[in-house]
Visitor: 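Sharing a structure below in structure tokens format, with a few things to ask.
Every chain is numbered from 1, with letters handed out A, B, ... down the list of sequences.
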Amino acid sequence: MDDFTSQCCSLIKKVDEILKYNSEWVQRYGGYAKQILLNEDDLKYKKTNFNEWAPLYLYMTIGEAKGNLLFSLRYVGQDVAKLKVDGQGVTIATNSFTERNMRDFGCNIHLSNHSWSSKEASDFRKHFSNKPIRLDVSKKNDEHRVESLLLTEFSKSDSKDKMICNIQPVKFSGIARFQMKTPLTSSNISNICYEKKAGSGGGIDIISRIGIGRGTKLCVMEVKDENVAAEPPRNAVLQGLSYGVFVLNLLRSESGDLWWKIFGFKGKLPDSLELYIVCTMPSSEVNDISFAEKVINYKQDFFHLHYLYFQEENQCIKKIETSLKQCKKKELLNDN
DNA sequence: CCCGTTCAAACACCGACGTA
DNA sequence: TACGTCGGTGTTTGAACGGG
């Protein structure tokens with residue numbers, strides 16, 4: 001076993017112990033799952049009342065999905081408004097985002113429960129469809145922006161202008177983008193902590209389904225907005241792996257079959273899972289591919305390690321280099 | 001501002017594909 | 001073989017666009 005693999009194994013063991021020692025998540029996440037599934041039909045119905053209009057995308061937190069079913073509307077991954085659907089129809093409110101909308105996107109439209117079909121709401125959508133330049137120079141939100149670009153790319157259902165195929169992001173009820181929160185903080189790999197407070201743990205950047213047909217696999221992607229020596233790809237793999245250990249524990253917990261459903265699978269939870277862990281970051285001059293296709297056994301399940309290096313251009317993902325073979329386009333496979 | 005036109009999103013259906 | 005999931009195609013619907 002090479003050094004990196006043994007580093008992975010000791011990390012898996014450590015996270016496994018943390019989750020065993022702090023078992024309160026089992027009940028907590030079981031409760032989330034029941035509430036989210038109870039709300040599923042309501043959420044789908046609410047969505048039939050309006051269209052998602054690029055480049056504004058619908059998001060929902062776990063809290064919103066299990067509670068009030070407010071949609072978050074985001075531009076380049078940043079909250080710009082909340083949508084509410086009730087007996088009165090669809091309404092949009094910018095409430096606490098107004099100031100940042102002005103500061104970051106030059107948007108001076110203030111909405112407080114305006115109708116989705118009102119002139120004001122239409123002007124608001126139009127402002128963002130003109131692709132406003134981010135006025136804020138700090139790159140604080142760049143990871144959210146990059147995540148959003150990747151989600152838009154992976155969500156495409158037409159392979160003609162899709163960089164890679166057979167990948168679809170997991171969304172609540174197939175509708176709202178979300179971040180799968182974990183009870184772990186893993187941003188510092190050498191100091192993984194447990195978080196009891198709901199919503200305070202680290203989130204899985206992108207959780208997606210990969211493959212075609214019955215054997216479609218779940219995939220945890222750890223996204224970085226930079227590919228620099230201080231945060232090398234291997235660290236992203238380790239961070240993704242720590243979240244992966246949580247996902248497998250969740251799927252093997254008493255609410256595992258419910259979460260399998262939430263992740264968008266219609267069939268039975270498999271007896272043995274293959275969970276893909278993908279380091280997802282911008283291409284560098286020499287991309288680290290040393291960990292590609294490593295398989296690590298964990299109880300009855302398996303982790304598969306992969307990379308996905310991308311280039312962007314003009315707010316779009318333009319080129320992807322990946323070890324995910326099942327995602328490669330046919331014409332590219334035949335070229336070899 | 002209204003209303004017909006145009007365009008993009010959503011939907012319904014089904015074939016391809018890969019797995020149990 | 002049966003089944004689950006992605007994506008292709010054609011149609012419907014929601015919202016933008018533009019002329020008057």
Visitor: Among B/dA20, C/dA16, B/dA16, which nucleotide sits nearest the side chain of A/Arg214?
Guide: B/dA20
Visitor: To the nearest Å, give me how far apart CD (A/Glu120) and P (C/dA15) are.
Guide: 16 Å
Visitor: Name the one of A/Lys119, A/Lys126, A/Arg125 that satisfies salt bridge (Lys or Arg N to Asp or Glu O under 4.0 Å) with A/Asp123?
Guide: A/Lys119
Visitor: Calculate the interatomic distance between A/Lys44 atom NZ and B/dA9 atom P; express it in whole Å.
Guide: 21 Å
Visitor: Can you confirm if the aromatic rings of A/Tyr32 and A/Tyr29 lie within a centre distance of less than 6.0 Å?
Guide: yes
Visitor: Mapping A/Lys47 and A/Gly213 onto DNA chain B by nearest heavy atom, which one lands closer to the 5' end?
Guide: A/Lys47
Visitor: Among residues 50-59 of chain A, which ones have heavy-atom contacts with DNA chain B below 4.0 Å?
Guide: A/Asn51, A/Glu52, A/Trp53, A/Ala54
Visitor: Within the 3.5 Å criterion, strictly below it, is a donor on A/Ser23 or A/Arg28 matched to an acceptor on the partner's side chain?
Guide: no
Visitor: Just how far, in rounded Å, is C1' of B/dG18 from CD of A/Glu274?
Guide: 13 Å
Visitor: Just the rounded figure in Å: distance from C1' of B/dA10 to NZ of A/Lys46.
Guide: 20 Å
Visitor: Does the A/Thr322 side chain pair with the main chain of A/Leu324, one donor and one acceptor, at a distance under 3.5 Å?
Guide: yes
Visitor: Consider only side-chain N and O atoms of A/Gln168 and A/Lys156, and report whether a donor and an acceptor are under 3.5 Å apart.
Guide: no
Visitor: Establish, with yes or no, whether the OP1 or OP2 oxygen of C/dG7 is under 4.0 angstrom from a side-chain nitrogen or oxygen of A/Lys162.
Guide: yes
Visitor: Report the distance from atom CZ of A/Arg209 to atom P of B/dC17, rounded to the nearest whole Å.
Guide: 20 Å
Visitor: Looking only at side-chain N and O atoms, does A/Ser122 come under 4.0 Å of OP1 or OP2 in C/dA16?
Guide: yes
Visitor: Verify the contact: side-chain N or O of A/Arg125 to OP1 or OP2 of C/dA16, cut-off strictly under 4.0 Å; return yes or no.
Guide: yes
Visitor: Between A/Gln168 and C/dG7, is there a contact of a side-chain N or O with OP1 or OP2 at under 4.0 Å?
Guide: yes
Visitor: Between A/Asn166 and C/dT5, is there a side-chain N or O to OP1/OP2 distance below 4.0 Å?
Guide: no
Visitor: Just by distance, no angles: are the side chains of A/Lys34 and A/Ser255 close enough, under 3.5 Å, to form a donor-acceptor pair?
Guide: no
Visitor: A/Lys328 has an atom NZ; how far is it from atom P of C/dC6, in whole Å?
Guide: 20 Å
Visitor: Less than 4.5 Å apart, side chain to side chain, heavy atoms only: is that true for A/Arg145 and A/Gln315?
Guide: yes
Visitor: Could you check A/Thr48 against A/Lys119 and say which one's nearest nucleotide on DNA chain B is further toward the 5' end?
Guide: A/Lys119
Visitor: Please state how far atom NZ in A/Lys160 lies from atom P in C/dG8, giving the value in whole angstrom units.
Guide: 7 Å
Visitor: Keeping A/Thr94 on the side-chain end and A/Leu111 on the backbone end, is there a donor-acceptor pair under 3.5 Å?
Guide: yes
Visitor: Using a heavy-atom cut-off of under 4.0 Å over every strand shown, decide if A/Ser117 touches base, sugar-phosphate, or nothing.
Guide: nothing
Visitor: Kindly say if A/Trp116 contacts the phosphate of C/dA15, meaning a side-chain N or O under 4.0 Å from OP1 or OP2.
Guide: yes
Visitor: What is the distance, rounded to the nearest whole Å, between atom CD1 of A/Ile212 and atom P of C/dC3?
Guide: 18 Å
